[in-house]
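Reviewing the structure listed below.
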Amino acid sequence: MANIDSDAIRAAYEDVRNDSSATVWAVFKYDDKRIVYTGDCGENYDDFLSMCEEDNRIYAYVRIETGDEMSKRAKFALITWIGPGVSALKKAKVSTDKAFLKEACPNFAYEMLCDEKGELAKEKIEEAVKKAGGANYGTGK
């Protein structure tokens with residue numbers, strides 16, 4: 001297995017999934033070659049965006065509320081951020097490491113890999129999760 005802090009990552013994953021928790025995102029980072037959870041989580045999506053810097057690689061597990069006036073539900077996204085300043089070797093390593101991260105965070109409706117902050121706009125993620133979720137029978141009001 002890859003060098004990943006599975007127990008801490010799994011605990012953060014469960015916190016985001018917990019309907020009683022206010023946490024809507026958790027970020028997992030590299031500490032040298034090991035993927036770890038350092039307590040980076042929050043209730044505000046914009047705080048997550050501030051962690052997506054030019055020279056880092058992070059994985060984020062994000063809770064998105066979807067639905068309509070008839071039914072509200074939580075859906076989840078797994079976002080991989082690779083900043084444009086990351087070396088080619090480190091970029092390549094993300095694809096293999098992500099498979100191990102998915103073992104600790106197995107349930108999500110939408111997965112995204114991005115390297116431009118514009119792709120991470122909350123509205124874009126919400127729309128992608130909504131599309132991935134299938135039918136939407138509300139009136140849109």
Side-chain angles (χ1 to χ4, degrees), residues 2-141:
N3 200 1
I4 178 172
D5 186 359
S6 296
D7 292 339
I9 290 170
R10 185 62 176 216
Y13 161 85
E14 293 295 345
D15 184 39
V16 173
R17 293 187 62 81
N18 184 343
D19 290 334
S20 300
S21 173
T23 304
V24 297
W25 60 268
V27 165
F28 315 114
K29 300 177 179 180
Y30 283 89
D31 180 13
D32 192 27
K33 295 179 181 180
R34 182 173 168 84
I35 301 172
V36 299
Y37 174 63
T38 59
D40 293 314
C41 64
E43 301 174 23
N44 184 334
Y45 186 82
D46 290 338
D47 294 338
F48 153 63
L49 290 178
S50 70
M51 303 191 78
C52 299
E53 298 171 339
E54 174 110 359
D55 60 348
N56 69 2
R57 305 169 287 167
I58 62 172
Y59 304 92
Y61 192 70
V62 179
R63 176 188 196 92
I64 303 290
E65 294 295 326
T66 66
D68 51 43
E69 70 281 356
M70 303 295 289
S71 171
K72 296 282 184 193
R73 59 202 162 275
K75 297 289 183 180
F76 303 90
L78 180 64
I79 300 171
T80 304
W81 165 260
I82 303 174
V86 173
S87 73
L89 185 60
K90 287 182 177 181
K91 285 180 184 179
K93 187 82 172 109
V94 166
S95 63
T96 55
D97 291 345
K98 185 171 24 173
F100 297 108
L101 183 76
K102 285 180 179 181
E103 289 179 14
C105 302
N107 297 309
F108 48 89
Y110 180 69
E111 180 180 357
M112 172 180 217
L113 169 67
C114 57
D115 60 3
E116 292 181 21
K117 276 211 176 177
E119 298 173 298
L120 291 173
K122 186 175 182 184
E123 298 78 25
K124 287 185 178 187
I125 301 299
E126 288 172 336
E127 185 63 30
V129 169
K130 188 175 180 180
K131 283 182 183 177
N136 186 7
Y137 299 112
T139 61
K141 294 182 182 175

Could you measure the distance from the NZ atom of Lys75 to the CZ atom of Arg63? Nearest 0.5 Å is fine. 11.5 Å
Could you please spell out the steps behind the side chain to side chain contact (heavy atoms under 4.5 Å, CB included) verdict for Cys52 and Lys117? CA-CA 7 Å; Cys52 299; Lys117 276 211 176 177; 3.9 Å; yes
Would you please name every residue forming a salt bridge (Lys or Arg N to Asp or Glu O under 4.0 Å) with Asp40, sequence neighbours left out? Lys29
Using the side-chain hydrogen bond (donor to acceptor under 3.5 Å, both in side chains) criterion, which residues pair with Asn56? Sequence neighbours excluded. Trp81
From Cys105 atom SG to Phe76 atom CZ, the distance as rounded to the nearest 0.5 Å: 11.0 Å
Give every donor-acceptor pair under 3.5 Å between a side-chain atom in residues 10-17 and any protein atom, sequence neighbours left out.
unit_1	atom_1	unit_2	atom_2	d
Arg10	NE	Glu14	OE2	3.3
Arg10	NH1	Ala104	O	3.1
Tyr13	OH	Asn107	N	3.3
Tyr13	OH	Asn107	ND2	3.0
Asp15	OD1	Ser21	OG	2.7
Asp15	OD2	Thr23	OG1	2.8
Arg17	NH1	Tyr61	OH	2.8
Arg17	NH1	Asn107	O	3.4

Candidates Leu113, Leu101, Val62 - the one meeting side-chain contact (heavy atoms from CB on, under 4.5 Å) with Leu78: Leu101
Can you tell me how far the CZ atom of Phe28 sits from the CD1 atom of Ile9, to the nearest 0.5 Å? 5.5 Å
Using the side-chain contact (heavy atoms from CB on, under 4.5 Å) criterion, which residues pair with Ser87? Sequence neighbours excluded. Leu89, Lys90
By side-chain contact (heavy atoms from CB on, under 4.5 Å) - contacts of Asp32 (at least two apart): none
Under the salt bridge (Lys or Arg N to Asp or Glu O under 4.0 Å) rule, collect the residues that match up with Lys91, sequence neighbours excluded. none
Please check if the number of heavy atoms outside Lys102 that lie under 6.0 Å from its NZ is greater than 12. yes
Minimum heavy-atom distance between Ala60 and Val27, given as atom pair plus value: CB-CG2, 4.1 Å
Which side-chain hydrogen bond (donor to acceptor under 3.5 Å, both in side chains) pairs, counting each pair once, include a residue from residues 119-129, with sequence neighbours left out? none
Rounded at 0.5 Å granularity, tell me how far CD1 in Ile79 sits from CD1 in Ile125. 4.0 Å
Restricting to side-chain contact (heavy atoms from CB on, under 4.5 Å), what partner residues turn up for Val94, sequence neighbours left out? Tyr30, Arg57, Tyr59, Thr80, Ile82
Pairs satisfying ring pair (Phe, Tyr, Trp, His ring centres under 6.0 Å), at least one member in residues 103-131, at least two apart: none
What heavy-atom pair brings Asp47 and Ser50 nearest, and what distance separates the two atoms? O-OG, 2.6 Å
Test salt bridge (Lys or Arg N to Asp or Glu O under 4.0 Å) applied to Asp7 - qualifying residues, sequence neighbours left out: none
Residues at least two apart in sequence or cross-chain that pass ring-ring contact (aromatic ring centres under 6.0 Å, His included) with Tyr45, listed by chain then number, are Phe48
Interatomic spacing from CG in Leu120 to CG in Asp115 - rounded to 0.5 Å: 9.5 Å
Show the nearest heavy-atom pair for residues Ala22 and Glu43, with the distance to one decimal. O-CG, 3.2 Å
